[in-house]
Peer 1: 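Input: one structure, supplied below.
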Protein chains: 2
Amino acid sequence: MESTAVLRRFNRTYTQRIGALDETFLGLGLPLASARLLFEIGYVGPVTAQVLRARLGLDSGYLSRLLRGLEERALVAVAPDPGDRRRRVVSLTRAGGRMLARLDQRSEELALGLLEPLSERQRGRLAEALATADLLVRAATIAFEVVDPASPDARTAMGHYFDELDRRFDGGFDPGPLTDEDLATMRPPGGTFVLARSDGEVAACGGVQPLGAGIGEIKRMWVHDGWRGAGLGARMLRRLEDDATALGHTVVRLDTNGTLTDAIALYERNGYRSIERYNDNPYAERWFEKDVRSR
Amino acid sequence: MESTAVLRRFNRTYTQRIGALDETFLGLGLPLASARLLFEIGYVGPVTAQVLRARLGLDSGYLSRLLRGLEERALVAVAPDPGDRRRRVVSLTRAGGRMLARLDQRSEELALGLLEPLSERQRGRLAEALATADLLVRAATIAFEVVDPASPDARTAMGHYFDELDRRFDGGFDPGPLTDEDLATMRPPGGTFVLARSDGEVAACGGVQPLGAGIGEIKRMWVHDGWRGAGLGARMLRRLEDDATALGHTVVRLDTNGTLTDAIALYERNGYRSIERYNDNPYAERWFEKDVRSR
DNA sequence: CCATTTGTCTGACTCTAGTCAGATAATCGG
DNA sequence: CCGATTATCTGACTAGAGTCAGACAAATGG
């Protein structure tokens, strides 16, 4: 069957039966919108109304009313922000925390009720299927974003990358200090740095830096462990190649270590061919190149 | 990870990203409830309001208004049922068919848009996972219902059962005429007949009839082909055992043919032991018994 | 320091998605 | 044939989830 047909059929089944998990909230006398708001406040901690509006996409008047409703039930406390007294900071009260815990419990009970008729084995199968679907749906809706390589998220992502190399290389890996010039090469013109984010969390990263006339080098490509098997590596590679083309490069090169067999397989699957050593990176053992002109 | 946690996590991911498929409908100026109704009418063909109400779980007054709304837009035609002039038969008009096609296309485009970033292989994996999840979620929410064995749905289900035996037995199978006495044995006191329904469609059936003091016989247990692997057989068996106990039986028996290896495995897995022939059913080759007193 | 912008709030709406209590007409059972 | 039942419809509600315009106060830029 075609994928879209399966997706649409599932969507029908799902909204009919599990969509009801949402109605959890109604059971506790809290409308859905209010419950979502409460969840958001509980999740991010004390926030300004502004941030809530942005995160949930609410009208300011509507949010104001929702917040007052929660305040009247003593679930949240609203106070002016000392730094800017136009802003209002919202935080959970004790009672709000308890309500959140009850919502959570109710949601758990409903989930349990749904699974109850299934045997242990079938529950396992369902969990496995849903976990796969979850990963792939999240992967499909991931957002790629060009960021400055010196930004905190970019630095964190590169840090993960270095940590992974350190774990996987036999003798460990020492990136040396991350100098400003080092980062500057992954900025325009000639360079770029890309993050893949899902729900604000960084899932993958990668950069391009210039390596001579018409040649771009792909650097620091990394995919978060939790995202293995979702094809993010291939998508990031493709994205970086496109960006390299847009930056005026006609060829991209990259180096890698022999222990990174999955990375090597990825490059080979995507049209990279082995070339001679082109740099003096002591950790590099394999060098690749791909023509990205004709795209 | 625990199943409920996976389910809840998936629910969050899903409502955020795919729940948007619903908003399709809004794009075409048709409220969600009306669009769902239109889909249902298009899917099952001309139907009575009664059937629509049962399938979508709508209040009769609400349905009446929704139908009038669709009628005013000339998307459906409503006419009295010639057979029973209280009933009203709803059918799609030309314009209704076109609207449905547009809704369908819109939904297809959205689904395609969601899947687009995935590779062919990942789309296949997602489709497989969703198909599994779909089957199991539907199985988990299936409803068992005691019906009269002479009711149309019961007769249809038994018909499927006989057809399957006819296909699977080497020399075919002839149930003979379904006599009234034959059916009467699967009514209280002493007997029962159970259907498993999903969205109104019969997914499985089975009956109990008295077979002497304290002994019930399980008969005509059948599971729809599309529901294989969802554990419906085991659940129906369990349900019939419970019903037999409630009817005062302390032992249940059943017979089967050697070609029905899956059924035999099911019985053995669920505590049935082989016994000597207890009837003169010419198609029976194996006889089983289970003590259902201590439950 | 004054006009503008920003962040929030209020009032007045709209639309969707129902629910509930009867009314009405057709059909059924005895 | 008559009373009960069934299938649908109408009227009168409610609650949720927003939208939009404008008011108001605090902050900001020149």
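Reminder, nothing fancy here: chain letters follow the sequence lines and each chain counts from 1.
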Peer 1: Rounding to a whole Å, what distance do you find between B/L30:CG and C/dA17:C1'?
Peer 2: 14 Å
Peer 1: Give every donor-acceptor pair under 3.5 Å between a side-chain atom in residues 45-53 of chain A and any protein atom, sequence neighbours left out.
Peer 2:
{"unit_1": "A/T48", "atom_1": "OG1", "unit_2": "A/V51", "atom_2": "N", "d": "3.4"}
{"unit_1": "A/Q50", "atom_1": "OE1", "unit_2": "A/R87", "atom_2": "NH1", "d": "3.3"}

Peer 1: When the axes are fitted on five pairs at both termini, how much does the helix from C/dC1-D/dG30 to C/dG30-D/dC1 curve, in 10° steps?
Peer 2: 10°
Peer 1: Taking ring pair (Phe, Tyr, Trp, His ring centres under 6.0 Å) as the test, write out the residues that go with B/Y161, two or more places apart.
Peer 2: none
Peer 1: Between D/dT10 atom C1' and B/E71 atom CD, what is the distance in whole Å?
Peer 2: 15 Å
Peer 1: Among D/dT5, D/dC9, C/dT8, find the nucleotide with the atom closest to the side chain of A/R88.
Peer 2: C/dT8
Peer 1: Hey, does the side chain of B/R53 come within less than 4.0 Å of D/dT8's phosphate (OP1/OP2), counting only N and O?
Peer 2: yes
Peer 1: Once salt bridge (Lys or Arg N to Asp or Glu O under 4.0 Å) is applied, do any residues pair with A/R65, and if so which ones, sequence neighbours excluded?
Peer 2: none
Peer 1: Grab the CZ-P distance between B/R86 and C/dA26 for me, whole Å please.
Peer 2: 10 Å
Peer 1: Holding to salt bridge (Lys or Arg N to Asp or Glu O under 4.0 Å), I want the full list of residues that pass it with A/E40, two or more places apart in sequence or in another chain.
Peer 2: A/R55
Peer 1: Report the residues that fulfil side-chain hydrogen bond (donor to acceptor under 3.5 Å, both in side chains) with B/R86, sequence neighbours left out, ordered by chain and then residue number.
Peer 2: B/D84
Peer 1: Taking CG from A/L67 and C1' from C/dG7, how many angstroms apart are they, rounded to a whole number?
Peer 2: 13 Å
Peer 1: Got a list of side-chain donor-acceptor pairs under 3.5 Å for residues 132-150 of chain B, not counting sequence neighbours?
Peer 2:
{"unit_1": "B/T132", "atom_1": "OG1", "unit_2": "B/E128", "atom_2": "O", "d": "3.1"}
{"unit_1": "B/D134", "atom_1": "OD1", "unit_2": "A/T13", "atom_2": "OG1", "d": "2.4"}
{"unit_1": "B/D134", "atom_1": "OD2", "unit_2": "A/R9", "atom_2": "NE", "d": "3.3"}
{"unit_1": "B/D134", "atom_1": "OD2", "unit_2": "B/R138", "atom_2": "NH1", "d": "2.9"}
{"unit_1": "B/T141", "atom_1": "OG1", "unit_2": "A/R17", "atom_2": "NH1", "d": "2.8"}
{"unit_1": "B/T141", "atom_1": "OG1", "unit_2": "B/V137", "atom_2": "O", "d": "3.0"}
{"unit_1": "B/T141", "atom_1": "OG1", "unit_2": "B/R138", "atom_2": "O", "d": "3.2"}
{"unit_1": "B/E145", "atom_1": "OE1", "unit_2": "B/R197", "atom_2": "NE", "d": "2.8"}
{"unit_1": "B/E145", "atom_1": "OE1", "unit_2": "B/R197", "atom_2": "NH2", "d": "3.3"}
{"unit_1": "B/D148", "atom_1": "OD1", "unit_2": "B/A150", "atom_2": "N", "d": "2.8"}
{"unit_1": "B/D148", "atom_1": "OD1", "unit_2": "B/R187", "atom_2": "NE", "d": "3.3"}
{"unit_1": "B/D148", "atom_1": "OD1", "unit_2": "B/R187", "atom_2": "NH2", "d": "3.0"}
{"unit_1": "B/D148", "atom_1": "OD2", "unit_2": "B/R187", "atom_2": "NE", "d": "2.6"}

Peer 1: In chain order, what residues pass the side-chain hydrogen bond (donor to acceptor under 3.5 Å, both in side chains) check against B/D163, with sequence neighbours excluded?
Peer 2: none
Peer 1: From CG of B/L66 over to P of D/dC9, roughly how many Å is that when rounded to an integer?
Peer 2: 11 Å
Peer 1: Considering residues at least two apart in sequence or located in another chain, which fulfil the side-chain hydrogen bond (donor to acceptor under 3.5 Å, both in side chains) criterion with B/D59?
Peer 2: none
Peer 1: I need the residues from residues 76-84 of chain B with at least one non-hydrogen atom less than 4.0 Å from DNA chain D; give them sorted by number, or say none.
Peer 2: none
Peer 1: Could you tell me which residues satisfy side-chain hydrogen bond (donor to acceptor under 3.5 Å, both in side chains) with A/E109, sequence neighbours excluded, listed by chain and number?
Peer 2: A/Q105
Peer 1: Assign a letter to each nucleotide of nucleotides 18-24 of chain C from its 5' end: B, base within under 4.0 Å of a protein heavy atom; S, sugar-phosphate only; -, no contact.
Peer 2: BBB----
